[in-house]
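Below: one structure, written as structure tokens.
Remember, predicted model here, so these are calculated numbers, not experimental data. Note that ligands are numbered from 1 as they come in the structure, with each ligand's atoms numbered from 1 the same way.
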Amino acid sequence: MRKPIIAGNWKMNKTAKEAEALINELKPLVAKSKPEVVICIPYTDLWIAKQAIEGSKIKLGAENVAWADSGAFTGEISAAMLKEIGVEYVIIGHSERRQYFGETDETVNKRLKQALANDLKPIVCVGETLEEREKNKTKKVLKKQVLVGFEGVDDLSNVVIAYEPVWAIGTGKTATAEDADKTIGYIRSLIRKTYGAEVAKSLRIQYGGSMKPSNAKELMAMRNIDGGLIGGAALKAEDFAGIVNYKG
Ligand code: 13P
């Protein structure tokens, strides 16, 4: 059985003080949560968040990680820096990093290897743009993202994949549950081909893109969907908790 995982991606939102307040509001609301609960948050919020989540079920995640150990990489944050604070998860290859900051499948691969080498649990994002979808290129794009992104990675036991169709991010447009399930099923089949049936069966794959309390139950009921990566709705305690507690 795959344990569901609901992760918030705060993106570039919340100062440290705002982060502390949001976590304090969230804690009691997710105290009885059944899924694993993670918040992936700006670097500057991590330290205070680590104190704020103390004694709760909330786990800490970052939104990226450098591929190098240390050195002349202005603006980057290393795995060791994250580990020291107590970070457990890292998002890698989010579409906004790909779109605005030159992230490629090759750099995703380097960051993924670095995360795993340092015992950070990666949430690797994949997904097609609207243009790619309309040109019927979804499978081709996903195949490249998975094959190149995971090249040379042997052990997926700590890896989570997030399927985020770019056209559904922040737009209010959600993929239908059936559609998301089918595409995630395709991603699982790619994993099966490379890593075998057992790995494909145990790998958790999230859906992301305008997920909210009102559609979480339907999405989470699908066979292939093991969780959500939540943007906008993760910024309000009540909404995020509404997704975490999708079973009621
Ligand atoms: P929204 O939930 O705001 O659509 O964002 C999804 C996302 O990009 C999570 O990583």
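- With ligand atoms numbered from 1 in the order given, ligand 1 contributes 1 (P), 3 (O), 4 (O) to contacts under 4.0 Å with heavy atoms of Gly170.
- Among the atoms of Gly232, some N or O lies under 3.5 angstrom from an N or O of ligand 1.
- Taking the charged nitrogens against the carboxylate oxygens, Glu106 and Lys110 have no contact shorter than 4.0 Å, which rules out a salt bridge.
- Using a 4.0 Å heavy-atom cutoff, Gly208 is absent from the residues neighbouring ligand 1.
- Salt bridge present: Arg111 and Glu76 bring a charged side-chain N and a carboxylate O closer than 4.0 Å.
- Residues Asp45 and Lys17 are not paired through a salt bridge, judged by the lack of any N-O separation under 4.0 Å between the basic side chain and the carboxylate.
- A salt bridge does not link Asp226 to Lys3: none of the charged nitrogens lies less than 4.0 Å from a carboxylate oxygen.
- The pair Glu96-Lys11 meets the salt-bridge criterion, with a side-chain N (NZ, NE, NH1 or NH2) lying under 4.0 Å from an Asp/Glu carboxylate O.
- Contact annotation: Ala168 has at least one heavy atom less than 4.0 Å from an atom of ligand 1.
- A heavy-atom separation below 4.0 Å is not found between Ala233 and ligand 1.
- Nearest to atom 2 (O) of ligand 1 among the protein's heavy atoms is Gly231 N, 2.9 Å.
- At under 3.5 Å, not a single nitrogen or oxygen of Ile230, backbone or side chain, sits near a nitrogen or oxygen of ligand 1.
- Of the heavy atoms in Asn9, only side-chain atoms (C-beta onward) come closer than 4.0 Å to ligand 1.
- Below 4.0 Å from some heavy atom of Gly209 lie the following atoms of ligand 1, by number and element: 4 (O), 6 (C).
- Taking Leu190 as the reference, Lys143, Val146, Tyr186 meet the side chain to side chain contact (heavy atoms under 4.5 Å, CB included) condition, with sequence neighbours excluded.
- The residue among Glu63, Glu96, Lys11, Glu164 with a heavy atom at the shortest distance from atom 9 (C) of ligand 1 is Glu164.
- Considering backbone and side-chain atoms alike, Thr171 places every N or O at 3.5 Å or more from each N or O of ligand 1.
- For the side chain to side chain contact (heavy atoms under 4.5 Å, CB included) test, residues two or more places apart in sequence or in another chain that qualify with Val30 are Leu26, Ser33, Ile58, Ala241, Val244.
- The residues Glu36 and Lys59 are annotated as salt-bridged, a charged nitrogen and a carboxylate oxygen being separated by less than 4.0 angstrom.
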